[in-house]
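Numbers here simply count residues along the sequence, with the first being 1. All values below were derived from every heavy atom in this structure, side-chain atoms included, with hydrogens, water molecules and symmetry-related copies excluded.
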Amino acid sequence: MHPNAAITGWGHYLPERILSNQDLEKMVATSDEWIRTRTGIQERRVAGPSETTSVMCTRAARLALDRAGLFAQDIDLIICATTTPDHLLPGTGCLVQRKLGADNAGAFDLNSACTGFLYALSVASQFIQAGTSRRVLVVAGETLSRFMNYQDRTTCVLFGDGAAAVVLEATEQQAGVLSTVLGARGDAEHILAIEAGGSARPASPDTVAAGEHFVRMQGNEIFKTAIRAMAQSSRQAVQRAGLSMSDIHRVVPHQANSRIIVATQQALKLDDSKLVVNVERYGNTGSTSVPIALAEFLDTGPIHAGDNLLMVAFGGGLTWAAAVVRWADIAQIQGQRATPLAA
Ligand code: ACO
């Protein structure tokens, strides 16, 4: 029988600096009222000069390892979801591996924009189900503020920085990642892009002068696709898990815009009490948005073994993804570990 992949640890990290709507009113032609009514966002976090993606990911990962009761050396594999890596080379996952001292882990990056965490969760769970890995650290981090044009009101009010991580562990329990759904529409690449800095348009004085290293986006185009993709992939993930929507205890959606969340909620006929929402405090933190909301919920909300969580996201690419996770009996997994563990 194949093992299942259960979440046994989680953690998140947010930079201290807050950029409020009122701060943005002084920077671009916008208003607190426009941002709140169109997006639900009130403030977002901005990384300090020494807070790179790998620094924030490492902090979130340490919390996740502590929560799981594991040492960094117990991890087999690190998958780092990010669209804003420290460098093009080496991968941010490798930097996290070194900073953690995860000497027994392979490490790689996965870039799927805002769906990155769920794509990484899907890959990680399959490493575990195939028996290739027993403990995988899935970490997501973004320093989107470094790629924002703070003169472009159509993007700079939306995005924020942060990091979050989960530990996935092999278990014989009928729990863990029950299903994942991944989708992409690469023909919509122009809708959300950082055009320069890659092999197609290497960095040059011209690309810098044209601001092509910043995020550019046609937000209203994404808006329409997002609602359809979130609702459809949610239904598919729940069906693949052999469940119905009424079996889902909590839904953790991508935190891009409260209007997208509400429209998805209406399409899926979900009660308010089932939704985890924090978009007002952090804005859109890219690949990190779902795991930050998940970690905040797990830190504060009641969850029991057997509860089913649905996570769903959309993002650049365009891409979309959904996953259903059944909460495992973590104490039982910790009790059965064969290798030496942290206290
Ligand atoms: N302040 C004031 N006015 C603004 C601002 C702003 N910050 N931004 C845009 N406007 C103006 C526009 O210029 C436009 O003016 P016009 O009518 O005179 O031309 C007007 O507001 C309406 O603009 P729309 O783009 O049509 O506004 P919309 O209601 O669609 O809201 C938004 C824009 C918030 C971007 C919305 O479309 C959205 O959230 N889309 C999804 C974006 C998203 O989630 N992207 C991330 C994907 S995830 C990832 O991978 C990173």
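Annotation: Gln239, atom CD; neighbour count of heavy atoms from other residues, nucleotides and ligands within 6.0 Å does not exceed 12. Atom NE2 of His2 sits in a sparse spot, with 12 or fewer heavy atoms from other residues, nucleotides or ligands closer than 6.0 Å. Counting non-hydrogen atoms of other residues, nucleotides and ligands closer than 6.0 Å to CD of Gln332 gives a total above 12.
Using modelled atom types and a 3.5 Å distance limit, the side chains of Ser20 and Glu43 yield no donor-acceptor pair. In summary, the side chains of Tyr282 and Gln42 do not present any donor paired with an acceptor at a separation below 3.5 Å, with no hydrogens or angles considered. Side-chain N/O atoms of Asp161 and Ser145 include a donor and acceptor closer than 3.5 Å. Using modelled atom types and a 3.5 Å distance limit, the side chains of Asp86 and Thr52 yield a donor-acceptor pair. Between Asn104 and Arg135, the side chains place no donor N or O within less than 3.5 Å of an acceptor N or O (distance only, hydrogens not considered). Checked by atom type, the side-chain pair Asp206/Ser204 shows no donor-acceptor distance below 3.5 Å. Judged purely by distance below 3.5 Å, without hydrogens or angles, the side chains of Thr53 and Thr143 pair a donor atom with an acceptor atom. In the model, Thr288 has no side-chain atom that pairs as donor or acceptor with a side-chain atom of Glu142 under 3.5 Å.
The CG atom of Leu19 sits 4.0 Å away from the CG atom of Leu24 when rounded to the nearest 0.5 Å. Rounded to the nearest 0.5 angstrom, Asp109 CG and Thr83 OG1 are separated by 10.0 Å. With values rounded to the nearest 0.5 angstrom, Arg44 atom CZ is found 12.0 Å from Thr285 atom OG1.
Ionic pairing of Glu16 and Arg45 is not present here: no N-O contact between side-chain nitrogen and carboxylate oxygen is shorter than 4.0 angstrom. Look at Glu296 and Arg281 and you find a salt bridge, because one of the NZ, NE, NH1 or NH2 atoms lies within 4.0 Å of a carboxylate O, short of that distance. Electrostatic pairing of Asp299 and Arg67 counts as a salt bridge here, judged by a charged N lying under 4.0 Å from a carboxylate O.
The ring of Phe147 has its center no closer than 6.0 angstrom to the ring center of His213.
The backbone N or O of Ala196 sits nowhere less than 3.5 Å from a side-chain atom of Glu212 that would complete a donor-acceptor pair. Using a distance-only test at 3.5 Å, with no hydrogens or angles considered, no donor-acceptor pair links the side chain of Asp271 to the main chain of Ser273. Panel note: side chain Gln255, backbone Gly283; no donor-acceptor pair is recorded below 3.5 Å. Judged by distance alone, with hydrogens and angles left aside, the side-chain atoms of Gln97 form a donor-acceptor pair with the main-chain N or O of Ala105 at under 3.5 Å.
Ring geometry for Phe108 against Phe127 counts as tilted: the plane angle lies between 30° and 60°, on a 0 to 90° scale.
Residues Ile78 and Leu65 share a hydrophobic cluster, clusters being chains of Ile/Leu/Val/Met/Phe/Trp/Tyr side chains in contact below 4.5 Å.
Partner His254 forms a ring-ring contact (aromatic ring centres under 6.0 Å, His included) with one of Trp320, Phe117, Phe314 and no other, that one being Phe314.
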